[in-house]
Amino acid sequence: MTETAHKMSARGVSVFYGDKQAVKDVSIDIDMDKVTAFIGPSGCGKSTFLRTLNRMNDTIASARVTGDIMLDGENIYSSAMDVVQLRARVGMVFQKPNPFPKSIFENVAYGPRIHGLAASKPELEAIVERSLKRAGLWEEVKDRLQDSGTALSGGQQQRLCIARAIAVDPEVILMDEPASALDPIATAKIEELIHELRGRYAIAIVTHNMQQAARVSQRTAFFHLGTLVEYGETDQIFTTPREERTKDYITGRYG
Ligand SMILES: Nc1ncnc2c1ncn2[C@@H]1O[C@H](COP(=O)(O)OP(=O)(O)OP(=O)(O)O)[C@@H](O)[C@H]1O
Ligand SMILES: [Mg+2]
């Protein structure tokens, strides 16, 4: 298979904060129609690596990334890459829901507006409705689109953030522990949503919850101390891990 067959591929990626190396020589592929879960103990570099995939580490002054990360075969760290465009193509959802202190409508409309995706108000309204529907939030908010996004429940806010990411028509969605601040019912909704979104986007998700990784992902990457210890089909990782360290982690022996 050629490199361009993957939606994204990372090759030999390392990340340094000052002279401390947080991610060591990681190679991984992110594909369409698949959810890739990143698991591993706290501090092993999951978030740091995830952030390399849309250059979020650019915002951290001490961070330095080496290696290659391709999106449709194009190096995202090349000078020709427009970072604003990149972050629309590779969207991100964070652990703590972070809606703008604006209306529900504006939270979703903002991205399409600045990226010029709608030629008219009705078109913009259609994008907002479609995005909220895909995020499984439309029925709950369609009669209160002018209410503040921050007035929603935590789970609703997280789905609003997912709608906001979807609104600019991304190809890849990165999620860093998107459900860890939510109760079990809201978490189940997010998991269901990830399942539905999988057909349309390539998804990478960081999670501390082993059951969640097993439920939502098709591929799992186990990180430990900045290295990618094992990477493969989720079923294989959870039933017959090749590495002792993977086995210890998924059986709860450390972490
Ligand atoms: N902004 C930063 N400046 C300096 N060091 C950092 C920074 N962010 C993370 N680190 C360090 O890099 C290493 C990896 O951190 P990272 O946040 O990627 O881990 P993680 O696997 O996401 O952990 P957790 O599960 O706790 O979220 C840690 O040693 C951490 O202290
Ligand atoms: Mg993290």
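Just follow the structure's listing: the first ligand is 1, and inside any ligand the first atom is 1.
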Is it the case that E177 and Q212 place a side-chain donor and acceptor less than 3.5 Å from each other?
-> no

Considering only the protein, which heavy-atom contact is closest to atom 1 (N) of ligand 1, and what is its distance?
-> I60 CG2, 3.7 Å

Electrostatic pair R134-E196, nearest N-O below 4.0 angstrom | no

Distance below 4.0 Å between atom 31 (O) of ligand 1 and any protein heavy atom?
-> no

Compare H224, K20, H208 and give the one whose heavy atom is closest to atom 29 (O) of ligand 1.
-> K20

Looking at CD1 of I203 and NE2 of H195, how far apart are the two atoms once the value is rounded to the nearest 0.5 Å?
-> 10.5 Å

So which heavy atom in the protein is nearest atom 14 (C) of ligand 1, and how far is it from that ligand atom?
-> G43 O, 3.4 Å

Are any of the N or O atoms of S62 closer than 3.5 Å to those of ligand 1?
-> no

To atom 11 (C) of ligand 1, the nearest of Y17, F223, F16 on a heavy-atom basis is Y17

Let me know which of D72, D169, D82 forms a salt bridge (Lys or Arg N to Asp or Glu O under 4.0 Å) with R89.
-> D72

Could a heavy atom of E177 be found less than 4.0 Å from some atom of ligand 1?
-> yes

Quick one: CD1 on I30 to CE on M32, what's the gap to the nearest 0.5 Å?
-> 12.0 Å

Counting heavy atoms not belonging to H115, are there more than 12 under 6.0 Å from its NE2?
-> yes

Report yes if A22 has an N/O atom closer than 3.5 Å to an N/O atom of ligand 1; otherwise report no.
-> no

Mind checking whether G40 has a heavy atom under 4.0 Å from ligand 1?
-> no

Answer yes if L174 and L197 sit in the same cluster of Ile, Leu, Val, Met, Phe, Trp and Tyr residues linked by side chain heavy atoms under 4.5 Å apart, and no otherwise.
-> no

Provide, to 0.1 Å, the distance between atom 17 (O) of ligand 1 and the closest protein heavy atom, together with that atom's residue and name.
-> S47 CB, 4.0 Å

In the single-linkage hydrophobic clustering (I, L, V, M, F, W, Y; side-chain heavy atoms under 4.5 Å), do I69 and L228 co-cluster?
-> yes

Is the number of heavy atoms from other residues, nucleotides or ligands within 6.0 Å of OH (Y110) greater than 12?
-> no

Which heavy-atom pair separates L50 from A204 by the least distance, and what is that distance?
-> CD1-CB, 3.9 Å

Where on T48 is there a heavy atom closer than 4.0 Å to ligand 1, on the side chain, on the backbone, on both, or on neither?
-> both

Pull out every atom of ligand 1 sitting under 4.0 Å from any heavy atom of C44, numbered as shown with elements.
-> 19 (O), 21 (O)

Identify, for atom 26 (O) of ligand 1, the protein heavy atom at the shortest distance, and state residue, atom and that distance.
-> S42 OG, 2.5 Å

Taking atom 25 (O) of ligand 1 as the reference point, the nearest protein heavy atom with its distance = K46 NZ, 2.8 Å

Would you find more than 12 non-hydrogen atoms of other residues, nucleotides or ligands less than 6.0 Å from R215 atom CZ?
-> yes

May I ask you to determine how many protein N/O/S atoms are under 2.8 Å from the Mg ion (ligand 2)?
-> 1

Does F222 have its ring centroid less than 6.0 Å away from the ring centroid of Y231?
-> no

Quick one: which of K34, R11, R219 gives a salt bridge (Lys or Arg N to Asp or Glu O under 4.0 Å) with D29?
-> R11

